[in-house]
Amino acid sequence: MKFAEYKQLNLPEINKEVLKYWKENNTFRKSLNLRENNEPFVFYEGPPSANGRPGIHHVLSRTIKDLFCRYKTMQGYYVERKAGWDTHGLPVELQVEKKLGINKYEIGEKISVEEYNRHCKHDVMQYTDVWEELTELMGYWVDLDDPYITYEPKYIESLWWALKELYKRGLLYKGYTIQPFSPAAGTALSSHELNLPGCYRDIKDVTGVAMFKVKRDDRSEFLFRDVDTDLYILAWTTTPWTLLSNTALAVGEKIVYQKIRTFNPYTGEPVTVILATDLVPDYFKPEGAEAEMKYNPGDKVLPWRVLGEYTGKELSGVRYEQLFPYKQPDEGDAFRVVIGDFVSTDEGTGIVHIAPSFGADDMRVAKQNGIGALTLVSERGKFVDGVGEFSGRFVRPEYEQGYDRETKEIEEKYARGEINQRQYEKEKDKIADKYNVNIDIVVKLKKEGKLFKSEKYTHSYPHCWRTDKPILYYPIEAWFIRTTDRKERMIALNQTINWQPPSTGQGRFGEWLKNMVDWNLSRTRYWGTPLPVWVTDDGKEVKVIGSYQELIREIEKAVEAGVMKENPFKDFVPGDMSKENYEKIDVHRPYVDRIVLVSDSGKPMKREEFLIDVWFDSGAMPFAQQHYPFENQEKFKRYFPADFIAEGVDQTRGWFYTLHALATMLFDSVAYKNVVSNGLVLDANGEKMSKRKGNVVDPFEAMDKYGADAIRWYMMTVSPPWENLKFDLKGVEEVIRKFFGTLYNTYNFFALYANIDGFKYAEKDIPYQQRPEFDRWILSLLNSLIKEVHDSLDRYDPTHAGRAIQKFVIDDLSNWYVRLNRKRFWGGEYDNDKISAYQTLYTALETVAMLMAPLAPFYAERIYQDLNKVTGRRSGESVHLLDFPHADESMIDKDLEGKMEVAQRISSMVLSLRRQAKIKVRQPLAKILIPVIDSKIEEQVNAVKDIILSEVNVKEVEFIKDTTGVVVKKIKPDYKKLGRKLGKLMKNVAQALAQMSQEDINKFEAEGKWTFDIDGQTVELSLDEVEIITEDMPGWMVKTEGKYTVALDVTITDELRNEGIARELVNRIQNFRKELDLNLTDRILVFVENKPLVRGAIESHADYIKNQTLARSLELVDSPIDGYPKKDVEVYDETLYIQIQKLN
RNA sequence: CGGGAUGUAGCUCAGCUGGUUAGAGCGCCACACUGAUAAUGUGGAGGUCGGAGGUUCAAGUCCUCCCAUCCCGACCA
């Protein structure tokens, strides 16, 4: 059996073949079975939603998941990988709505909920086969046979259990959330409904700057210094109707405010007001600052004087009098100044009036500060009773029937052309004003001396797409999880999680936790996990159901009590965990809504018609996928928390958060110990991929063309995966050409010669110490590499690992080791040296295959199998069944690695010199000179002398010990050492050193110390605090790099010239052989035109030429021999012909 | 508006705890090397390390502010 040799590298083809192999041999299954009794490494798969096709970004996150799972498997862990599907939620619903051509409000009318949900259930899985195909093609090993699916009855039962647990702990409660609400339609609108085109339209509002009178008490006393009038805080609003429900004022913590003595513009009464310094010019003209402090309403200039300045922080806590004291909030300590992080000085007064019921920010800041709310407006958009003359009025004119009627009339008039556009708009405004309660409110404020300014203001505002009326922000009933109650714990537990990158954990996620609000769990949709909460009509009795068994028990009670006719799930057998049994129960809507339970006091209870947030579904997967606690209690304990998860950064507030929140609240634990959050995949220009732009990369096409390995490798190595990836197929091509191409060539080289020599790794390992230095060097690097890959992957840094492997393969193995050791593989005896070379190269290739297996599973498999099939050295039939290599520290020889670096460095310097001298490498030269200032250099260079000499084609190296007069020395400070010692003198000393003469330097070297007088201070330096290097050797071709200096002797003697010519001839003959398509081992006869140029060379180097070209004979001929292939070649600027005849 | 990330050569990226000529690959130009190579070597062009301050003997690296791009979230009182 021979090592497979390849004509070309075809990664997509290898992909297919390896895939086939894995399938036929059940390799994934085997990799699991092999480790079954080992310690588990727990991985959680974040469930994708299969209602859309996967994109290239999914390849990114799945590569990360896969590679660490493979890595840990190879390290001996048992890594179960259960796939999952996220099946509920809005995207599916919207898709179904679109497909059926209906909207949310037509569900239950045009189509039954039952049928609608059937569509959802079907459609959500419509792309599963595409997803599975991607999973397989990209080599993502995950168990697709038994996935968890969030809509399945068992899964939902676990969710119910969790909800009841939370309820029992007082963490589930009903409250309010401020949501866009359409009073005309009587329904809340989702954010996506607000994003429908045309929803934002300009509306005209009456705005007012209201004056809130400060209460004089201990807290506010400091404000009243120098104040001889009432003191007011100014706040601007575009919705004066919310002023009746005001319960607080918000200032910015760092915003600066001024206290200004002035007059009420409407009443003329002297007042003192507070507003943001930045906004003062909006209200006060410069001339007012100088004007006499006298004012009558209607005067052009309002006089003003600044009395003081305060930050928002100083103002917080100050109390004020309620503006409209119709009603008081039931709870909380209202009418205070608080700090709001959303306050700005862009417009208004830099102070925001807070009506918690009608603004999300307002509600949040009120809750944080323990301030209650007033909701003096009904769901219809009408003031409630008990607010004086405003009771019963709509808060916006558009809601009034009269408004509709009258505007319609005007519109018709305009349509008939009876009025022009200007008249039309004017009339419309008039109607709006007539019905506008806000104007009345402003007027009332004006009369009461509580208004500072009023204006009409046009701005864009969301409208309800169904009724065309402006929306209202309104408190809507909702169920919450009291996450804020466990906030500190969540923050503490987060500190123990290893985030990659760390900034996402501390910053993005950490900050989010700090500013967390309670989790609004409820959704008013159809396709999702129903909230298992039943409530009596009066809302006083609540039952939360935590299992199907409990549900059925309660249903039976209800049937007994007569509130339900029969049990719809009577076939379900509690306690029977079989699939068949669970198929008998479905608690999705509408079925669950038909269940009416009975309260302990005998009242009927209806379900709260909410679904829960789909994020709860996925955040619950650690236990819900096991149907915990109903089944798998033991297993869950072993498989919680996860050792590792990975998803995109966009999941920070999604899956990462819900996993963390639920784990903290339910189990007081983290849900995952290590997490990698990858960045986005952008196109080659750094723009987001979108169908609209047409810059989307199709993962199937890409993998089909380049193979999954190349895509995976590229994604992991081009930049750290947590950075955004600019996905460029050119980069993928480069990866193939450079990394995979070089590796392939190295393998092919090995295979070619190993087959010729019949190497099968049959011999015993040649002991490490008996291997040539070169072999020990590459083995040292190899083991260093193993260590580095280990370290990087343990840190969850695949980029570093991949780059290290890549560097090793390209630079060290191929371009240095193989290149310089080629001769050992071809020709010659099959002796220990050769065997050592084969064994070493084999080991390197095999190890590289193992190291790269997690990242590039296909090609790694191919190389490994190609090698192992012949040698049978390992029993593992797949590279993925092997143990990940361990570094053999005894083979790491940093000294040797350093020496080789010197060789590479000096070779490169000499090559550079040759280039300057315009002397080809093929022309041998006599010697190089290396001045040795420190004896270590001689030692180092000597160790690798032969390598250097053969690499640069020079006969010998000479060390110059007595450098006096031969070289020019330069002395440099060791900044690190001296900087600390000298401090400020550093600069001067550096200067002084630069000015030292050659004699001074020699003297310094001889004496070992040197003193300077600088600014009257004496500084003594020792030799180890400076670095002495040679810079030049007059009369020689010299190159200096760091502490190495090399000079090249460029004299070409006749002898050297002949040798050069001989080498040229060898090259020409070899090229000709290649052209003639001869086999590597074919013997030949060679004839060369008899010219003076080559005569000497052939005389003295005939054996060398014959040896190199496998020529039986080498003859000079005066005329070509008929019938033998002939070629004109150029040697040293002369043209001559050569002929080759193959021998049989 | 808030939180986060990023900004180094035309492009993609390195640059560890601050230490003195700021690196690599790709691309471009030129020359060379090669019986494994789709490679490789050498040279060239290309950088005020996003900007401005500051700390320090010394800043790409630490601090402050600003700008640009991107992500997430909120929202306009």
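Lettering follows sequence order; numbering is per chain, from 1.
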Practice problem: Would you please determine if the base of B:C72 is stacked by A:W512, with stacking meaning a centroid separation under 5.5 angstrom and planes under 30 degrees? | Solution: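 So A:W512 does not count as stacking on the base.
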
Could you check whether [X] gets within reach of a base, just the sugar-phosphate, or nothing at all, counting any heavy atom under 4.0 Å?
| X | answer |
| --- | --- |
| A:P240 | nothing |
| A:R914 | nothing |
| A:K738 | sugar-phosphate |

Quiz item: Does the side chain of A:Y753 get closer than 4.0 angstrom to OP1 or OP2 of B:A36 through an N or O atom?
Solution: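 Yes, within the criterion.
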
Quiz item: Where are the stems of RNA chain B, defined as at least 3 consecutive Watson-Crick or wobble G-U pairs with both distances under 3.5 Å?
Solution: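 Looking at RNA chain B, the stems formed by three or more consecutive pairs are B:1-7 with B:67-73, B:10-13 with B:23-26, B:28-32 with B:40-44, B:50-54 with B:62-66.
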
Quiz item: Given that A:T237 and A:N515 both sit by RNA chain B, which one's nearest nucleotide is further toward the 5' end?
Solution: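 Looking at the nearest nucleotide for each, A:N515 comes out on the 5' side.
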
Quiz item: Expressed in whole Å, how much space separates the C1' atoms belonging to B:A22 and B:C13?
Solution: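 Straight-line distance between the two C1' atoms is 14 Å.
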
Practice problem: Measure from the side-chain N and O atoms of A:T349 to the backbone N and O of A:L234, and report whether any donor-acceptor pair falls under 3.5 Å. | Solution: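 Side chain of A:T349 to backbone of A:L234, a donor-acceptor pair under 3.5 Å: yes, one is there.
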
Quiz item: Would a distance-only check, ignoring hydrogens and angles, find a side-chain to backbone donor-acceptor pair under 3.5 Å from A:Y461 to A:I471?
Solution: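 Yes, because the side chain of A:Y461 sits within donor-acceptor range (under 3.5 Å) of the backbone of A:I471.
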
Exercise. Sequence neighbours left out, what passes ring pair (Phe, Tyr, Trp, His ring centres under 6.0 Å) with A:F3? Give chain and number order.
Key: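 With neighbours one apart ignored, the set is A:F750.
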
Quiz prompt | Pair A:Y838 and A:F825, ring centroids less than 6.0 Å apart | solution =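 Yes.
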
Distances for protein N/O vs nucleotides 66-71 of chain B N/O pairs under 3.5 angstrom?
residue, atom, partner, partner atom, Å
B:C70, O2', A:N724, ND2, 3.2
B:C71, O2', A:R508, NH2, 2.9
B:C71, O2, A:R508, NH2, 3.1

Self-check item: Options B:A36, B:A32, B:C72, nucleotide nearest the side-chain atoms of A:K920
Solution: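 Of the candidates, B:A32 comes closest.
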
